[in-house]
Amino acid sequence: MLCSTVLAADGATDTGTEAVTDTFSDTFSDTFSDTFTDILNYAIKRQPLATALLQYAEQSNLQIMFRSEQLPELTVAPLHGAYSRTEALEHLLHTSGLSYRFGGGQVLVVYRDPARQRLKTIKPAPAAPAVQTVPRDSAIEEVLVTGIRSSLARSLSIKRHADAAVDAITAEDIGKFPDQNVADALQRIPGVSVDRIWGEGRDINIRGTDKNVNRTLLNGQNVASAYWWADDNPSRGFNYSILASELVASLEVHKSPQADVDEGSIGGTVIIRTRKPLDLAAGTLRTSLEQQYSELPDQWDPQAAALFSWKNTAGTFGALASFNLQKRQLRRDGLEAFPDHALYTLTEADGNLIEGVRVPWGLGSAIFQQERRRRSANLTLQWAADPHWDIAFNAVLTHMDMDNSNQNYLALPGAFKLNEIPPVPVSAAQIGTSDGVRTLLGGTFGNADSPGAALDAIFRDAYVETASYDLDMNYDADGWRSHWQMGVTRAKGGSDHDRRYRFIGDTQLSYAIGPRRLAFDFPDLDPRDPAALQRLSSDSRDWIREMRDEEFYLQGDLSWAFDKLPFINRIKVGAKWRDHTIENNRTVGSVDTAHADWPAAQAIGLDQVSAGLTPHLHRKTASAGSLTQYAWADRNRLAQSLQPLFDRGLLSYRYDTDAFYRINERILGAYIKADIETNRLSGNIGMRAVHTKQGAAAYQNTQLTRHLRPYHNYLPSLNLAYKLARNLTLRTALARVMARPNFQDLTPGIIIDATNGTAAGGNPHLEPVRANQFDLAIEWYFAEASVLSAAYFRKDIAALVTTRTLPETLAGQTLNVTRPYNGAGADIQGIELQWQQDLGRGFGVTSNYTYTDASVTAGAGGETATLPGNSRDQLNSSVYFENRHFSARLSYNYRSDSFGGLNAGSQDVTEAYDQWDAAISWTPTPRLSVHLEGVNLGNEPIYFRTASGVPQGFYENGRRFIIGISLNI
């Protein structure tokens with residue numbers, strides 16, 4: 001993306017960059033002079049002069065530069081309505097003692113002019129600009145800031161002038177980083193980490209907290225999202241893979257809350273902002289065409305994006321439309337193990353018994369492939385009938401189809417060998433113990449005449465779609481403002497079919513596992529021989545999955561300015577109503593072994609449907625004994641052989657009542673916020689009161705059960721920023737925050753396993769997770785587009801949700817029931833360090849490091865764990881170079897071990913991960929850009945295991961390269 005705005009120079013002149021000297025013309029070109037008198041619509045709120053000038057530059061479609069140290073400590077009055085560029089600029093500079101002049105390249109320079117007389121009013125009608133010329137023999141020292149440096153300055157300006165702890169990325173940053181979705185761009189912000197299990201960012205963690213306790217808002221409102229994978233559940237987080245970065249104007253991460261921003265976040269709130277047509281020049285057209293090469297599937301895929309913005313001559317009505325189309329072939333190689341929650345008694349060859357041992361359900365060598373087609377669109381209509389009104393309608397729609405296959409060649413010690421009667425003996429058993437968890441790390445299971453190997457060939461017709469419709473209305477009058485926002489957001493996701501064809505073979509098996517080792521073999525069969533898996537298993541099945549997310553909202557608030565009060569300059573009061581519903585549904589197709597066609601289906605072996613051999617797998621994760629190639633199934637041959645039998649009723653379908661739940665939350669919030677401003681102190685203080693009426697419905701056996709409960713939260717917040725010096729700010733914040741429990745944890749449903757006297761269910765009585773938080777930061781803006789800052793944060797979290805098993809009486813019998821409960825609390829504290837600097841001669845660096853120390857207190861059941869979502873160390877660093885026609889950026893990202901939920905007596909761990917990305921851009925003209933990007937240049941694998949060292953997945957996603965061309969008109 002090309003940025004049309006040139007921003008402030010915040011420090012000493014850099015002689016190594018492109019300075020505006022005697023290249024200034026004596027006069028404007030006729031074309032530019034005419035353009036400068038055009039009437040445009042402006043929407044600039046009351047704010048410091050520096051940020052007001054940046055908004056003016058964006059809305060005027062001008063390049064502007066100034067030196068921050070020359071700007072007075074001045075808050076400008078709001079400007080809303082239709083004015084010429086000159087009139088709007090005169091309004092902002094009124095009483096400032098600043099003047100302006102124009103030069104070649106359509107550059108506007110704002111500078112200190114002691115002789116300037118302060119203007120008293122804005123002229124009522126358009127007038128031709130009084131163009132000031134610059135003599136050719138007078139050099140100007142200001143620095144022209146373009147491209148990467150421009151966007152970094154914009155981001156720093158948002159951070160510097162925010163009333164709370166906020167970090168931001170502008171559209172230029174997203175374009176310059178090699179990031180194809182929004183989550184990958186967010187990882188560059190201090191304290192934000194990204195889950196890359198599918199090769200690109202999908203879920204984010206903020207300041208050591210899990211994705212489910214961080215919210216994402218679109219233009220200040222909730223945006224629904226859903227997932228496609230069978231093991232995913234509806235989440236409080238957001239599925240960032242559905243949102244194309246081309247739709248986004250800016251990203252803001254609010255790390256300290258404000259009373260007028262929705263509750264629900266412990267770590268932070270991400271606000272995604274889209275563009276508005278009256279902020280862009282009439283007739284703006286931006287297009288890009290890209291080809292992406294993915295290394296593992298060895299495929300080139302197209303991607304295209306276009307944005308068009310129009311507005312009428314008066315600048316009172318505009319329309320913006322954008323569209324993004326992405327096609328992508330994915331492949332992920334995985335060595336996988338599946339921990340089993342059961343405790344087994346093992347029988348050794350000599351008859352010795354080993355009790356209380358965990359054994360993997362299965363181990364596999366997997367190849368996942370997906371053909372993704374994503375279509376995203378944004379339509380915005382904006383109307384500003386007069387200087388008081390601003391009405392905008394915004395629609396964002398995304399649809400993503402993801403036809404995928406996952407084929408996994410399995411060794412099945414827990415699933416098959418230990419489920420025989422009697423269980424198969426094990427020889428050469430290797431027992432490992434960690435944190436009190438005993439696990440069979442290796443051994444050999446006999447009996448060559450019973451199943452021990454299988455191929456799971458899973459084919460999914462999956463999808464995710466999201467739609468958001470929002471109406472935003474603002475009315476500004478002298479001293480007060482009214483704001484109304486209403487809309488609806490909907491999402492659904494899942495699969496039309498999720499078919500698993502399982503082929504099995506009789507064999508002995510042996511395996512050996514460790515933190516980075518996963519090996520298995522079969523003495524009695526060759527995985528490369530499709531005839532070795534002789535028959536179809538009755539465990540073959542089909543799932544039809546649909547999760548739905550829907551919210552209606554209505555918000556209104558009023559604010560008043562108080563110029564004569566000593567500390568308070570504005571008070572805002574408002575209320576918001578939300579009606580949010582989550583629903584999960586599944587239909588299961590199971591093999592009817594009593595059907596007349598079952599003997600024919602069972603006799604179908606892998607050799608009748610085989611596609612030959614897989615590619616060679618696991619180039620970086622394989623160890624001695626790892627299975628790197630095997631026979632696999634062909635989807636078309638499977639359909640030809642088995643679908644006719646399924647259509648005749650061999651596969652019988654039923655609605656799965658155990659999977660159903662519906663959670664409805666009707667939320668009424670009210671808030672009051674006072675903005676604080678003195679010569680050195682600024683910020684806000686507020687209170688948000690929230691009433692939640694929660695309804696939950698699920699089945700217990702075949703009976704639909706409903707549960708209703710209300711609860712209240714009072715959430716005070718204080719944000720203060722004190723200017724110790726002109727470029728040195730001390731910032732602090734205090735707040736009480738909350739996050740509601742995960743949806744699946746709230747279900748009143750329960751599933752009873754009569755065979756072993758156990759049950760599992762949800763808990764609709766769960767309380768929200770609440771926390772008190774404190775922030776303290778110091779920020780030194782020491783030079784142009786540069787900052788050195790340090791922030792300390794602390795969060796005291798009460799009553800995390802943990803899973804425990806307790807005896808309960810159900811239907812007259814006492815069972816051990818596993819449910820989520822409010823249990824352990826946690827303390828999080830950490831430090832964020834940020835360094836960003838223009839080094840001169842076109843070079844610069846951006847870098848940040850976050851240290852997080854999280855401790856979890858023992859719960860009532862004695863359970864302990866590291867806080868889910870937490871990583872102790874995070875590092876993001878980039879170096880860049882740019883001049884008028886060329887830019888390049890090399891980026892590095894590191895995240896130490898990150899933790900998940902409890903699993904098989906231990907805790908999930910994703911091992912430390914780092915990644916290198918790069919981007920190069922050539923801009924021969926201001927309207928044309930050619931770029932090349934590289935993602936995951938080192939082809940870094942992901943290692944996923946339990947804390948006790950049992951592997952769960954070693955994944956390779958491969959490198960990606962993107963070449964593209966962008967045109968801006």
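When a residue number appears, it is its place in the shown sequence, counting from 1.
Not counting sequence neighbours, the partners of Phe338 by the ring pair (Phe, Tyr, Trp, His ring centres under 6.0 Å) test are Trp361. The ring pair (Phe, Tyr, Trp, His ring centres under 6.0 Å) test applied to Phe660 returns Tyr699, not counting sequence neighbours. Taking Tyr943 as the reference, nothing meets the side chain to side chain donor-acceptor pair (under 3.5 Å) condition, with sequence neighbours excluded. Residues passing the ring pair (Phe, Tyr, Trp, His ring centres under 6.0 Å) test with Phe238, sequence neighbours excluded: Tyr240. By the side-chain contact (heavy atoms from CB on, under 4.5 Å) test, Arg500 is found to be paired with Asp456, Ile458, Arg502, Asp539, Arg541, residues two or more places apart in sequence or in another chain being considered. With sequence neighbours excluded, no residue satisfies salt bridge (charged side-chain N to carboxylate O under 4.0 Å, His left out) with Glu348. When the salt bridge (charged side-chain N to carboxylate O under 4.0 Å, His left out) test is applied to Arg740, the partners found at least two apart in sequence or on another chain are Glu263. Checked against side chain to side chain donor-acceptor pair (under 3.5 Å), Asp796 has the following partners two or more places apart in sequence or in another chain: Arg794. Scanning for salt bridge (charged side-chain N to carboxylate O under 4.0 Å, His left out) contacts around Lys211 gives Asp203, with sequence neighbours left out. With sequence neighbours excluded, the residues forming a ring pair (Phe, Tyr, Trp, His ring centres under 6.0 Å) with Phe522 are Phe520, listed by chain and number. Partners of Arg528 according to the salt bridge (charged side-chain N to carboxylate O under 4.0 Å, His left out) rule, which considers only residues two or more places apart in sequence or in another chain, do not exist here.
In this structure, a donor-acceptor pair under 3.5 Å is absent between the side chains of Arg960 and Ser294. The closest side-chain donor-acceptor pair between Thr345 and Glu355, if any, does not fall under 3.5 angstrom. Judged purely by distance below 3.5 Å, without hydrogens or angles, the side chains of Gln744 and Asn584 never pair a donor atom with an acceptor atom.
A salt bridge (charged side-chain N to carboxylate O under 4.0 Å, His left out) check over residues 506-521, counting only residues at least two apart or in different chains, returns the pairs Asp506-Arg535, Arg516-Glu911.
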